[in-house]
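One structure below.
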Amino acid sequence: MADQITVSLPDGSPRALPAGSTAGDLAASIGKRLAKAAVIADVNGTERDLVWLLDDGDEVAIITEESERGLYTIRHSTAHVLAQAVLDLFPGATFGIGPPVENGFYYDFELPEGRTFTPDDLAKIDARMRAIIKERQPFIRDEIPDSQALELFKDHKYKLEIIKGAAEDPTSVTEKGMVRTYENPPDFIDVCRGPHVPDTGRLGHFKLMRVAGAYWKGDEKNPMLQRIYGTAWASKNELDAHLHRLEEAEKRDHRKLGVELDLFSFPEEIGSGLAVFHPKGGIVRRIMEDYSRERHEQADYEFVYSPHITKENLFLTSGHLEWFAEGMYPPMEMDGGTDYYLKPMNCPFHILIYKSRQRSYRELPLRMFEFGTVYRYEKSGVVHGLTRVRGMTQDDAHIFTTKEQMGDELRSLLLFVLDLLRDYGLDDFYLELSTRPEGKAVGSVEEWDEATEALRAVGEDMNLDLVMDEGGGAFYGPKISVQTRDAIGRTWQMSTIQLDFQMPQRFEMDYIGDDGKRHRPIMIHRALFGSVERFFAVLVEHYAGAFPAWLAPVQVRVLPVRDDHDAYAWRLVDRFKAEGFRADMVTADEPLGGRIRKAKLEKLPYVLVVGDDDVAHSTVGVNPRGGEVERDVPIEQFVERLAADVLAHVT
RNA sequence: GCCCGAGUAGCUCAGUUGGCCAGAGCAGCUGCCUUGUAAGCAGCAGGUCGUCGGUUCGAGUCCGACCUCGGGCUCCA
């Protein structure tokens, strides 16, 4: 056997090492800094521990803590430390799965006698974890036969399920009768795929965030385990930066800003998940809706209206009662036996409008639009601010086309959607294609495939990333959804476009073609904002409450320096209002600084201060949001500037 | 729906082991101040401590149920 081996690095260069060298040795031979940052290695395309023995000819890449895979490993290893700490501190506790997730990790546990974790427990667990980290316990990989694993984990029923292959665990491998384990001496061992950091001393920049319930295997029929979530990073700086980002996100929370800016509220007297919009929120909402109508009108949509309740018949035909009865408000019995339901969807109404008379191919595509208010009985635990409510208004459109028109219509529809979203400062998109939900879909597989392919073709034309969401479609058809990243990089699902061959069949819709025969139209369901409420919430968070001028409830506030400037200030307010702007005035009852501060806290685009000089020269002092104060600006000049902002949808 | 946590004035929060603990700041109102770019001064008013029951001589404080909110899980036509 040769006493030297040669491996190749990612750049293709060869590197000679003594036989018996590990991936860690390779890192050390390349450089001190690399050795220090190394977490795991990629050997011939497979992730390995740093103690992995290298062979002659291996292709090796050292993975450091700066990379996504390195960070993932740190989080995964930290999850093991969490499990060890919990098993140490709570005799009789058992554990489920503990994978890394975005920004951190979690681990699921079950405590004896149905005990649950308290916030105090988290502090104790944290302390135990830090002690384990101080001990620098190695992570030792092993492969053992199933039979041995079953014995080793006989007190851990969830691990037994994993070993037997009865439960999915993203971080374990059980194949060919062998189970891979990782041991942290002296006494912790877990079923795990690995790889891991060399020892626990590499960890430590973590924080336990919260405890939550989680069903075993994600199924609500199974027992609920206690899940502990943590965040973990390669350095203290990164951990602190993450915690800081969370704080920033909290400041943008639309529920908090909704109160502070007097936009909307959820009076307890009305009921959970039912919002009222206050005047200021009402202005924003009205502008959103008006602008949407204007754009839809330009794009050849026709506007329709439909009632909030209907006989059950309509939702029996559509299939909603079969699939979503639990998500609907219970029926009202009327007229001696007929059940009426609050509508959870607008589509059946639009279908009836279509069916109100014979349709010709010359009318298609027929585009119907409605701000349709729907009611859905969301489970009590899921309502969340304006993003998940029980009463909401969809900016709902249904487009009826021929099969031939379908592709072009989808394409122009998607362009229309993206274009309108950009008007709200959202311009970072990707698409998601949701396919047939196995077990709760109507229609033939062939129809589904055809519809899905049509959506995929259009999605791929958009020059955006297209990711798959297998089984995520509605019961009647696949959908493509537009995902948006906001100002601080969070993604929101916005518009959805669903292609539906089923409803036209169920409602026996048709049109007369140019051949004089009856044909079945295809239906496209589309919500652009999704729901007005939810979109409103996204905008509040995206703008952090600082609405651009075109949406701002108050665009300009005029502040007279002294009482004797009041008349001039009022004339300005009248002038702005006459030009169609939203302006108000606060008299000099308190010092200017205090009034400016209040206006700033309201996040108004412009504060105008007017005093002696301005009265004398028809000027204003402009204090723009986020900009420098400018004195002696002629009124005309300011009006032009504001008008430009409004037109451009900026500032 | 399930698990955990929380509900004290419009908002943000104090209220030790149940007993001179119903408080503060901001906001509001009334005066005074007349102010040039992020908090002028003073006074006043404001809460059956989420709701309903229970324990106790005595309950924001302890127990139970319910409601609402928050964080998750499940769900999301």
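Any value given below was found using the heavy atoms of this structure, including those in side chains, with hydrogens, waters and symmetry copies removed. Every chain is numbered from 1, with letters handed out A, B, ... down the list of sequences.
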salt_bridge([X], [Y]) N-O dist < 4.0 Å:
{"X": "K479(A)", "Y": "D469(A)", "answer": "no"}
{"X": "E248(A)", "Y": "K251(A)", "answer": "yes"}
{"X": "E161(A)", "Y": "K217(A)", "answer": "yes"}
{"X": "D449(A)", "Y": "R436(A)", "answer": "no"}
{"X": "E630(A)", "Y": "R641(A)", "answer": "yes"}
{"X": "K379(A)", "Y": "E220(A)", "answer": "yes"}

Could you tell me whether [X] contacts a base, only the sugar-phosphate backbone, or nothing, with contacts defined as non-hydrogen atoms closer than 4.0 Å?
{"X": "D564(A)", "answer": "nothing"}
{"X": "E326(A)", "answer": "nothing"}
{"X": "Q498(A)", "answer": "sugar-phosphate"}
{"X": "G594(A)", "answer": "sugar-phosphate"}

Go ahead and name the base partner of [N]; Watson-Crick or wobble counts if both distances stay under 3.5 Å, otherwise write none.
{"N": "U61(B)", "value": "none"}
{"N": "C41(B)", "value": "G31(B)"}
{"N": "C2(B)", "value": "G72(B)"}
{"N": "A24(B)", "value": "U12(B)"}
{"N": "U48(B)", "value": "none"}

Whole-Å [atom1] distance, [N] and [M]:
{"N": "C75(B)", "M": "U17(B)", "atom1": "C1'", "answer": "45 Å"}
{"N": "A42(B)", "M": "C57(B)", "atom1": "C1'", "answer": "44 Å"}
{"N": "U8(B)", "M": "G50(B)", "atom1": "P", "answer": "6 Å"}
{"N": "A22(B)", "M": "U68(B)", "atom1": "C1'", "answer": "23 Å"}
{"N": "U61(B)", "M": "A65(B)", "atom1": "P", "answer": "16 Å"}
{"N": "G15(B)", "M": "C21(B)", "atom1": "C1'", "answer": "6 Å"}
{"N": "C11(B)", "M": "G47(B)", "atom1": "P", "answer": "14 Å"}
{"N": "C44(B)", "M": "G60(B)", "atom1": "C1'", "answer": "26 Å"}

Report the C-alpha distance between F369(A) and V304(A) in whole Å, list the side-chain angles of each, state the deciding distance to 0.1 Å, and finish with yes or no for side chain to side chain contact (heavy atoms under 4.5 Å, CB included). CA-CA 6 Å; F369(A) 177 91; V304(A) 298; over 6 Å; no
To the nearest Å, how far apart are [X] [atom1] and [N] [atom2]?
{"X": "F117(A)", "N": "C4(B)", "atom1": "CZ", "atom2": "C1'", "answer": "12 Å"}
{"X": "L261(A)", "N": "A27(B)", "atom1": "CG", "atom2": "C1'", "answer": "15 Å"}
{"X": "F315(A)", "N": "A77(B)", "atom1": "CZ", "atom2": "P", "answer": "15 Å"}
{"X": "R557(A)", "N": "A38(B)", "atom1": "CZ", "atom2": "P", "answer": "16 Å"}
{"X": "N346(A)", "N": "A77(B)", "atom1": "CG", "atom2": "P", "answer": "15 Å"}
{"X": "M503(A)", "N": "A77(B)", "atom1": "CE", "atom2": "C1'", "answer": "8 Å"}
{"X": "E602(A)", "N": "C11(B)", "atom1": "CD", "atom2": "P", "answer": "17 Å"}
{"X": "K221(A)", "N": "G1(B)", "atom1": "NZ", "atom2": "P", "answer": "18 Å"}

The side chain of [X] lies closest to which of these nucleotides: [options]?
{"X": "V259(A)", "options": "A77(B), U37(B), C11(B)", "value": "C11(B)"}
{"X": "D613(A)", "options": "G1(B), G36(B), A39(B)", "value": "G36(B)"}
{"X": "R562(A)", "options": "U34(B), A77(B), G36(B)", "value": "U34(B)"}

Residue set satisfying side chain to side chain donor-acceptor pair (under 3.5 Å) with K124(A), at least two apart, ordered chain then number -> none
Looking at T116(A), does any N or O in its side chain come under 4.0 Å of the phosphate oxygens OP1/OP2 on C4(B)? yes
Map D563(A) and G473(A) onto RNA chain B by nearest heavy atom, then report which one ends up closer to the 5' terminus.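 It is D563(A), whose closest nucleotide lies nearer the 5' terminus.
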Nearest-nucleotide comparison on RNA chain B, the residue closer to the 5′ end among Q226(A) and D614(A):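 Of the two residues, Q226(A) wins.
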Stepwise side chain to side chain contact (heavy atoms under 4.5 Å, CB included) test for W570(A) and V558(A): CA-CA 8 Å; W570(A) 280 124; V558(A) 184; over 6 Å; no
Tell me whether the guanidinium CZ or amine NZ of [X] lies under 6.0 angstrom from the six-membered ring centre of [Y] and within 45° of its axis.
{"X": "K311(A)", "Y": "Y341(A)", "value": "no"}
{"X": "R75(A)", "Y": "F105(A)", "value": "no"}
{"X": "K603(A)", "Y": "F547(A)", "value": "no"}

Is a donor-acceptor contact shorter than 3.5 angstrom present between the side chain of D612(A) and the base of G36(B)? no
Which way is the base of G46(B) turned, syn or anti, if we draw the line at 90° from 0? anti
I need a per-nucleotide contact map over nucleotides 69-76 of chain B, read 5' to 3'. Cutoff is protein heavy atoms under 4.0 Å; write B for the base, S for backbone only, - otherwise. SSBBBBBB
For every nucleotide of nucleotides 45-50 of chain B, 5' to 3': is a protein heavy atom under 4.0 Å from its base (B), only from its sugar-phosphate (S), or from neither (-)? ------
